[in-house]
Amino acid sequence: MNSTIIGVGASLPLRCMRNSDLPGDLDTSDEWILQRTGIAQRHIADGETTSLLATRAARNALIHAKISPQDVDLVLVATSTGDYTLPATATLVQRNLGLRGAAFDVNAVCSGFIFALDVADSFIKSGKFRCALVIGAETFSRIVDWSDRSTCVLFGDGAGAVVLRAIDDDERGVIFCKIHSDGNYAHQLITDGGVSTTKDAGLLKMSGREVFKFAVEKFHESLMELLAENQMTVADVDLLVPHQANVRIIKKLVELSGVDERKVLVTLDKHANTSAASIPLALNEVKNTVFSAKNVVLLSMGAGFTWGSALIRFQ
Ligand code: UT7
């Protein structure tokens, strides 16, 4: 028994903020942001909540999968910007769509989607559940410090979702998923303001260069681990979807691994870094390519630090 993706959907806030629309007192420029990150624009929630974006993305994924909401028995939302401290955003999505079964959130920040995929895949392989909505949804615009040019220009809001269903085929579907964390790096990328430490809402702080270095190292290490454990080479990868944080991180990965650049998906120019939503949002951009590919590889790195990889075989 395996699990496989049978539908993909996404949702972005209506408001699109180009680099030139950023607050005038930020002391930045379109040129700097494009050259140093590859980001040209981001969508910013204006009243759209994380649960609303997640619900819309999930609904679109269900339509794409052509299945009834009644078939879903598990809802996972990967997010670190949920609507409430409690309950989980996943339960709000479950209510909005009238779904049954279990619903809970997974917080592994930018790696959240791969962590949630691994959880859902493991549940399905164990026989506990048969059909899961795995959603990445974030509203980072609410936690960035809009006076800090080194972070606020990097992030955007949005949601992406996949429908993951059991299949009686060991050769296709989620073939491999590996997740890692190292809490020694917790303070390198942090949003304070947790209810047990303070009553104030927190703001995101990041040691950009350290995170950059770690992301390059772990993207490369995770890809090599995935290839070795599945007796594959880079030539066997048909589509590589890395977490979308900075195009220079992706270029370094291409340089180090030798993977063909044309097989590497880059969508951060349009969405910026949407944390847990970035991978499913990217998958949604190339739906047809995804389903006709043989080996699709996902890679992530995020706060914690967390990192991980997944191999999904469609043909
Ligand atoms: O999703 C989780 C993973 N997150 C990431 O992967 C992010 C990883 N880090 C990065 O992408 C990059 O480190 C940044 C984009 C955050 C920064 O790029 P950098 O090339 O590492 O810049 P830097 O931090 O070395 O700063 C270089 C200069 C500094 O000015 P001085 O000190 O040389 O005068 C910064 O103040 O660039 C300045 N700077 C800016 N200038 C114009 C930083 N941000 C901006 C900005 N506009 N937005």
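Every heavy atom of this structure was used, including side-chain atoms; hydrogens, water molecules and symmetry mates were not. For ligands, and for the atoms within them, numbers begin at 1 and follow the listed sequence. This structure is a prediction, so every number in the text was calculated from the model and none was measured. Positions are given from 1, in the same order as the sequence printed here.
Proximity of Thr151 to ligand 1, defined as any heavy-atom pair under 4.0 Å, is not found for any part of the residue.
The single protein non-hydrogen atom nearest to atom 3 (C) of ligand 1 is Val211 CG1, 3.6 Å, given as residue, atom name and distance. The nearest protein atom to atom 47 (N) of ligand 1, hydrogens excluded, is given as Thr28 OG1, 2.6 Å; this is a heavy-atom distance. Scanning all protein heavy atoms for the shortest distance to atom 14 (C) of ligand 1 gives Asn246 ND2, 4.5 Å. At the top of the distance list for atom 19 (P) of ligand 1, counting protein heavy atoms only, stands Arg248 NH2, 3.6 Å. Ranking protein heavy atoms by distance to atom 1 (O) of ligand 1, first place goes to Asn273 ND2, 2.6 Å. Atom 20 (O) of ligand 1 has as its closest protein heavy atom Arg36 NH2, 2.7 Å.
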Exercise. Please walk me through it: do Lys128 and Asp73 pass side chain to side chain contact (heavy atoms under 4.5 Å, CB included)?
Worked result: CA-CA 10 Å; Lys128 263 194 173 153; Asp73 55 5; over 6 Å; no
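Residues His180 and Glu225 bring a donor and an acceptor atom of their side chains to less than 3.5 Å of each other. With 3.5 Å as the limit, one finds a donor-acceptor pair spanning the side chains of Thr50 and Thr139. With no hydrogens or angles considered, a side-chain donor-acceptor pair links Ser141 and Asp157 at under 3.5 Å. In summary, the side chains of Glu138 and Thr274 do not present any donor paired with an acceptor at a separation below 3.5 Å, with no hydrogens or angles considered. Residues Ser278 and His243 bring a donor and an acceptor atom of their side chains to less than 3.5 Å of each other. Checking Ser3 against Asp121 by side-chain atom types alone, a donor-acceptor pair falls below 3.5 Å.
Proximity annotation for atom 17 (C) of ligand 1: of Trp32, Phe212, Phe140, Trp32 comes nearest, heavy atoms only. Ranked by closest heavy atom to atom 25 (O) of ligand 1, the top entry among Arg149, Arg209, Met206 is Arg209. Taking all heavy atoms of Gly38, Cys152, Gly208, Ser207 into account, the minimum distance to atom 8 (C) of ligand 1 is reached by Gly208.
Ala90 approaches Asp105 most closely through the heavy-atom pair N-OD1, 2.8 Å.
Per-residue contacts place Thr37 under 4.0 angstrom from the following atoms of ligand 1 (heavy atoms of the residue considered): 15 (C). Residue Val153 has at least one heavy-atom neighbour below 4.0 Å for each of these atoms of ligand 1: 48 (N). Taking a cut-off of under 4.0 Å to the non-hydrogen atoms of Leu154, the atoms of ligand 1 that pass are 15 (C), 16 (C). Those atoms of ligand 1 that come under 4.0 Å of a heavy atom in Cys110, given as number and element, are 1 (O), 2 (C). Using a 4.0 Å cut-off to heavy atoms of Ile249, the atoms of ligand 1 that qualify are 6 (O).
The closest approach between a heavy atom of Leu26 and any atom of ligand 1 is not below 4.0 Å.
By the 4.5 Å heavy-atom criterion applied to side chains, Leu299 and Leu240 are counted as neighbours. Residues Arg95 and Leu92 have side chains in contact (heavy-atom distance under 4.5 Å, counting atoms from C-beta outward).
In this structure, the separation between CD on Glu221 and OG on Ser257 is 13.5 Å, given to the nearest 0.5 Å.
Within a 4.0 Å radius of atom 23 (P) of ligand 1, the protein contributes at least one heavy atom. The presence of a protein heavy atom under 4.0 Å from atom 34 (O) of ligand 1 is ruled out. Taking a distance limit of 4.0 Å, we find that atom 28 (C) of ligand 1 is approached by no protein heavy atom.
Linking ILVMFWY residues whenever their side-chain heavy atoms come closer than 4.5 Å, directly or via other members, leaves Met206 and Ile190 in distinct clusters.
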